[in-house]
Enquirer: 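Here it is, the structure, as structure tokens.
We use all heavy atoms of the structure for the numbers below, so side chains are in, but hydrogens, waters and symmetry mates are not.
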Amino acid sequence: MEDKIDIILATYNTQIEYLKKQIDSILNQTYTNIEIIISDDNSSKKEVQETLKEYEKKDSRIKVYLQEKNIGYIKNFEFLLEKAEAKYIMFCDHDDIWYKNKVEESIKKLKSENVDLVYCNSTQINENDEVIKRNYFKYKNVPLINGKSKLAISRCIGIGCSQIMTRQVRDKMLPFTEEVMAHDWLSAFIANENKGMAYIEEPLFGYRLHNTNVFGGRNLAQNLAMWKKENGRNYKSYLKYRKEKVIDKAYLNGAKMCKQYAKNEEDKKFLEDIIKYYESLEKSKYVNFHIFKYFKFLAGKNLLKKMIKEIVIFHFPIIGFLEFVK
């Protein structure tokens, strides 16, 4: 008898074509003992809710909740986690396409490695389902962890839609604290404090990048181009981007979140040190000479290209401005 797996999906004004393809790809999985729990965050596009209710009528494995008011992305995922009661849980985006073996291979890896979380590779697809990047791990320099690593404390490990986790991780995630800013970073951190994690190098789904992504799979150049268009291309604007969109959003806020959940004393000390490091970077306007701290906190497997960019942005902001903006 297959163990039941809950797959949680948050929606809000998604494109119907993408939504249907995603749900269909999950329903067509080779692993069939699943329940898809969907929460729509009060979409103004009524066809979204209508489509979800149609799917719920067609397949008993689908459970739909319609929020009466908009509660926001983070709260919507907290709501979904509260509804997920299976032994194993998977996150799901509303606009990707899962390959037929994603669930089967994910649960197989989780059990064989006896870990609390597994994350998998993906291709990257565009609006027309065309593959634009064949290896997301390589393209985005995703940290590769088997077991435990300090990188699960200092970085986000594996995008949520690539993860499967045990209910023990889910139980320790709830309730969300006020510092929660990324459910996938939090799940990996908690797994790292328990039995650890593993990764699957084979791409198991198509991760969609399109013009309505808030951040998505864009690279530094693409995100900076959007920032420059709205905020200008001078050095003051670049420093603001470096602080708000890079250091705060992608590093410091995550460390503060993990600190609220940390149980291990060694991890607590590590988090205190890395928060001080990130805060010191924000004060550096031209150069920060404490590069050795970068290697202590953030260096790891499969990260070389990312590390080079981060060192430039973190420790030599003036060079970063000349290289990435000018």
Side-chain angles (χ1 to χ4, degrees), residues 12 70 72-74 124 132-133 136 139-143 150-151 153-157 159 177-186 189 209-260 270-300 303-326:
Y12 178 71
N70 187 270
Y73 173 77
I74 296 297
Q124 193 166 49
I132 52 179
K133 298 291 180 181
Y136 186 81
Y139 168 58
K140 293 291 286 185
N141 299 125
V142 175
K150 69 180 187 303
L151 292 176
I153 306 173
S154 59
R155 294 183 180 276
C156 183
I157 305 297
I159 48 179
T177 70
E178 67 274 13
E179 296 287 356
V180 171
M181 42 72 73
H183 61 281
D184 44 8
W185 187 337
L186 179 58
F189 171 76
L209 177 66
H210 51 85
N211 58 13
T212 57
N213 285 113
V214 176
F215 196 78
R218 294 189 177 90
N219 59 29
L220 174 64
Q222 292 166 327
N223 284 314
L224 260 175
M226 294 173 63
W227 176 267
K228 288 186 291 185
K229 187 175 181 180
E230 296 180 6
N231 300 278
R233 55 188 303 127
N234 56 54
Y235 190 57
K236 182 178 180 180
S237 174
Y238 172 72
L239 287 178
K240 185 178 180 182
Y241 172 85
R242 173 178 172 267
K243 178 187 184 301
E244 295 181 4
K245 298 298 183 180
V246 180
I247 298 174
D248 280 355
K249 184 175 181 180
Y251 299 89
L252 177 58
N253 291 344
K256 289 180 177 178
M257 171 186 68
C258 292
K259 186 178 178 183
Q260 289 197 330
F270 186 88
L271 281 161
E272 289 174 1
D273 291 343
I274 200 169
I275 287 172
K276 289 178 182 177
Y277 167 67
Y278 290 146
E279 290 175 341
S280 75
L281 292 175
E282 292 184 330
K283 298 174 183 177
S284 305
K285 292 187 177 181
Y286 299 102
V287 64
N288 184 300
F289 292 106
H290 300 296
I291 300 177
F292 71 94
K293 290 186 178 180
Y294 175 89
F295 290 97
K296 175 184 177 182
F297 296 131
L298 292 162
L303 293 173
L304 181 59
K305 290 182 180 179
K306 184 188 288 282
M307 286 167 58
I308 293 171
K309 285 185 178 179
E310 287 175 339
I311 289 171
V312 171
I313 294 170
F314 287 179
H315 292 276
F316 304 99
I318 185 65
I319 296 177
F321 172 71
L322 297 172
E323 175 68 22
F324 303 126
V325 179
K326 286 297 185 180

Enquirer: For Tyr251 and Ile274, what are the C-alpha separation, side-chain angles and deciding distance, and is it a side-chain contact (heavy atoms from CB on, under 4.5 Å)?
Expert: CA-CA 9 Å; Tyr251 299 89; Ile274 200 169; over 6 Å; no
Enquirer: As an exercise, state the distance from CD1 of Ile275 to OG of Ser154, rounded to the nearest 0.5 Å.
Expert: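 Interatomic distance, Ile275 CD1 to Ser154 OG, rounded to 0.5 Å: 12.0 Å.
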Enquirer: First locate atom CG of Asp184, then atom CD1 of Ile157, and finally report the distance between them rounded to the nearest 0.5 Å.
Expert: 10.0 Å
Enquirer: List in chain and number order the residues that pass side chain to side chain contact (heavy atoms under 4.5 Å, CB included) with Tyr73, two or more places apart in sequence or in another chain; answer none if no residue qualifies.
Expert: Phe77, His183
Enquirer: Please round to the nearest 0.5 Å and tell me the distance separating atom NZ of Lys243 and atom NZ of Lys249.
Expert: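 Between atom NZ of Lys243 and atom NZ of Lys249 there are 13.5 Å.
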Enquirer: Hey, what do you get for CD1 (Ile313) to CZ (Phe324), rounding to the nearest 0.5 Å?
Expert: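 These two atoms lie 5.0 Å from each other.
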Enquirer: Indicate the ring-plane relationship of Phe321 and Tyr235, choosing parallel, tilted or perpendicular according to the 30° and 60° boundaries.
Expert: perpendicular
Enquirer: Could you work out, with side chain to side chain contact (heavy atoms under 4.5 Å, CB included) as the rule, every residue matching Lys306, not counting sequence neighbours?
Expert: Asn141, Arg155, Leu303, Glu310
Enquirer: Which residues pass the side chain to side chain donor-acceptor pair (under 3.5 Å) test with Tyr277, not counting sequence neighbours?
Expert: His315
Enquirer: Taking only residues two or more places apart in sequence or in another chain, which ones pass side chain to side chain contact (heavy atoms under 4.5 Å, CB included) with Lys296?
Expert: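 With neighbours one apart ignored, the set is Asp273.
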Enquirer: Taking Arg242 for its side chain and Leu281 for its backbone only, find out whether a donor-acceptor pair lies under 3.5 Å.
Expert: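 Yes, Arg242 side chain to Leu281 backbone: donor-acceptor pair under 3.5 Å.
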Enquirer: So Val287 and Ile318, side-chain contact (heavy atoms from CB on, under 4.5 Å) or not? Walk me through it.
Expert: CA-CA 7 Å; Val287 64; Ile318 185 65; 5.9 Å; no
Enquirer: What is the minimum heavy-atom distance between Pro143 and Leu151, and which atoms define it?
Expert: CB-CD1, 4.1 Å
Enquirer: May I have the step-by-step check of side-chain contact (heavy atoms from CB on, under 4.5 Å) for Asn253 and Tyr278, ending in yes or no?
Expert: CA-CA 10 Å; Asn253 291 344; Tyr278 290 146; over 6 Å; no
Enquirer: Parallel, tilted or perpendicular for Tyr241 and Tyr238, by the 30°/60° rule?
Expert: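 Aromatic pair Tyr241/Tyr238 classed parallel.
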Enquirer: What residues form a side chain to side chain donor-acceptor pair (under 3.5 Å) with Glu282, not counting sequence neighbours?
Expert: none
Enquirer: Rounded to the nearest 0.5 Å, how far apart are CZ of Phe316 and OG of Ser284?
Expert: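 It is 10.5 Å, given to the nearest 0.5 Å.
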Enquirer: How far apart are the closest heavy atoms of Gly254 and Met181, and which atoms are they?
Expert: CA-SD, 3.6 Å
Enquirer: Could you tell me which non-hydrogen atom of Ala255 sits nearest to which non-hydrogen atom of Leu271, and how far apart they are?
Expert: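 Closest pair (atom of Ala255, atom of Leu271, distance): O-CD2, 3.4 Å.
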Enquirer: Supply the atom-to-atom distance Ile247 CD1 to Leu252 CG, rounded to the nearest 0.5 angstrom.
Expert: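 It comes to 8.5 Å.
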Enquirer: With sequence neighbours left out, write down each residue that passes side chain to side chain contact (heavy atoms under 4.5 Å, CB included) with Glu179, or none if nothing qualifies.
Expert: Thr177, Lys256, Met257, Gln260
Enquirer: Do any N or O atoms from the side chain of Trp185 and from the backbone of Cys258 form a donor-acceptor pair under 3.5 angstrom?
Expert: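 No; zero donor-acceptor contacts below 3.5 Å.
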